[in-house]
Every structure is written in C-alpha cells, then in structure tokens.
Amino acid sequence: MLRENLQEVEEKIQSACRRAGRNRSEVTLVAVSKTKPAATLQEAYDLGVRVFGENKVQEIREKYQVLPKDIEWHMIGHLQTNKVKYIVDKVRLIHSVDSLRLAEVIEKEAEKQDRIVDILLEVNVAEEESKFGLKTAEVLPLAEKLTALSHIRLRGLMTIAPFVENPEKNRAIFANLHKLYVDIKEKNIDNGTVSILSMGMTNDYEVAIEEGATMVRVGTGIFGARDYSI
Ligand SMILES: *Cc1c(COP(=O)(O)O)cnc(C)c1O
C-alpha cells in the first residue's frame, strides 16, 4: 500500500512539474507522518523516504529517538514557545514561524545550543480566522527584523491553504504566495538564503507545484487517512 501510494504521489509530482515546465529536482516531498506509528515511518524509510513532517513536539521527540538518524525532520505544526528547546537540535526546518516572539525564542535557544536554525514564515494567505499564520502584509516587515537574529536563517514561506473539494480554488492563493516569495527573494533579505516555498497538501499539491511550490507536504496521499481517536 505504502509503496503504491508513494509511487502515485511521485508520478503526480512529476507530471505537475512537466506541465509547469519545471525540473523534478526543484520540488521536495515532505512525507507528513503525524499520528502514524514509528513502524510505519520505518516502512516508508525502507522505501527511500528521508524527509518527514510532524506537527507535535512530543511526537518528534519520540520518533526521533527510535528512528534512523539520517532522517530530516520538519516541524510543520503550530509551535509553542515553551517547547522550542526540545526540537531545535532535532529538526532541519521549522515551517511554522508566525511571530517575532516565536522567532526570538528560537534565536535564543539556537544560540544556547550553538546552532543555526532554518525557518519558514507561515502565511495565512486566505486570512482564515481559524488558522495560525501571518497576514500577507506582515511578512516583509517581519522578514526584515529577522535579519538581526544571527542564529535563525530565513529560508522561505509556507502556507496551509483552505480545505476545498476542488483544488483549482486554491490556485490564486498559491500564486499570491509565490509572488510574495519572489518579492522577498528579490530583496535579497538574509543574503539569498530564501529558496523554499512550502505549499500544497494531499488535496492540492499538484496545483501548488504548478504555481511554484518547492516543497509539498503530503500526508493522507502517502499514509492513508489519519485516526485521531488513538
Ligand atoms: C497534516 C498536515 C499536512 C498533510 O495533510 P494531508 O492533507 O494529509 O496531506 C500538511 N501540512 C500541514 C501543516 C499539516 O498539518
């Protein structure tokens, strides 16, 4: 099942790249493994997956302990400031920075642990009440402030688009975030380290790739439906 799912996702990524005239190597697949047991992640690992996305600090800590050390862990969920210290040494990328306060806590912890942490700014492009993330207009001012934090490296932007039946409905959102991403790249904030645009989930990653995503976060499409009751 996992093998077939991975193959199907891979084929869809490739055809979206082809449609957009992009190279497959421009798009990183993050396998979103939240709620799935470590044994399932190990199975995906054995099939070649190395990049996993999780949205809970506790889950990252537990899985990090028992799974191979060459896994690249991505924190994709809302991050509470009091939990930052548990993951700065474990994650390759934090997708969900949405305030200066959180960035400052990451900076402080990274300095303490003598490392540099790669982050994305999470943007609530659709300005949905229920979601975390910066408003579009807040992104550039915050990006500029981050340049003062020497243990944080701004790598790009992330968004969680609304859940829609028809992924075409999210195309404008992806296009808008891409535009903002290009603006930030052109301003050369943080010495050209901005090169990641994380957008697109199971339901809409092909459209996201067509609109310029360099990272897609796919959970259900790889691992099947999640069971939150356990
Ligand atoms: C759960 C989650 C995903 C994956 O969602 P699917 O629809 O299962 O692909 C992607 N990004 C974030 C931030 C998530 O929390």
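Whatever order the structure lists them in is the order used to number ligands and atoms, beginning at 1.
Remark: Glu111 does not engage Lys108 in a salt bridge, criterion side-chain N to carboxylate O under 4.0 Å. Using a 4.0 Å cut-off between a side-chain N of Lys or Arg and a carboxylate O of Asp or Glu, Lys56 and Glu59 do not qualify as a salt bridge. Under 4.0 Å is where a charged nitrogen must lie from a carboxylate oxygen, and between Glu10 and Arg24 at least one such pair does.
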For ligand 1, list every N/O pair with the protein closer than 3.5 Å, one pair per line with the distance.
from	atom 1	to	atom 2	distance (Å)
ligand 1	8 (O)	Thr220	N	2.8
ligand 1	8 (O)	Thr220	OG1	2.5
ligand 1	8 (O)	Arg226	NH1	2.8
ligand 1	8 (O)	Arg226	NH2	3.1
ligand 1	9 (O)	Thr202	N	3.0
ligand 1	9 (O)	Thr202	OG1	2.4
ligand 1	9 (O)	Gly219	N	2.8
ligand 1	11 (N)	Arg217	NE	2.8
ligand 1	15 (O)	Lys34	NZ	2.6

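Using a 30° and 60° split on the angle between ring planes, Phe52 and Trp73 fall in the tilted class, from 30° to 60°.
In this structure, Val207 and Phe174 have side chains that are in contact, with non-hydrogen atoms separated by less than 4.5 Å.
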Pairs under 3.5 angstrom only: tabulate donor-acceptor contacts from the side chains of residues 216-224 to other protein residues two or more places apart or in another chain.
from	atom 1	to	atom 2	distance (Å)
Arg217	NH1	Thr159	O	3.3
Arg217	NH1	Ser198	O	3.1
Arg217	NH1	Ser198	OG	2.9
Arg217	NH2	Thr159	O	2.9

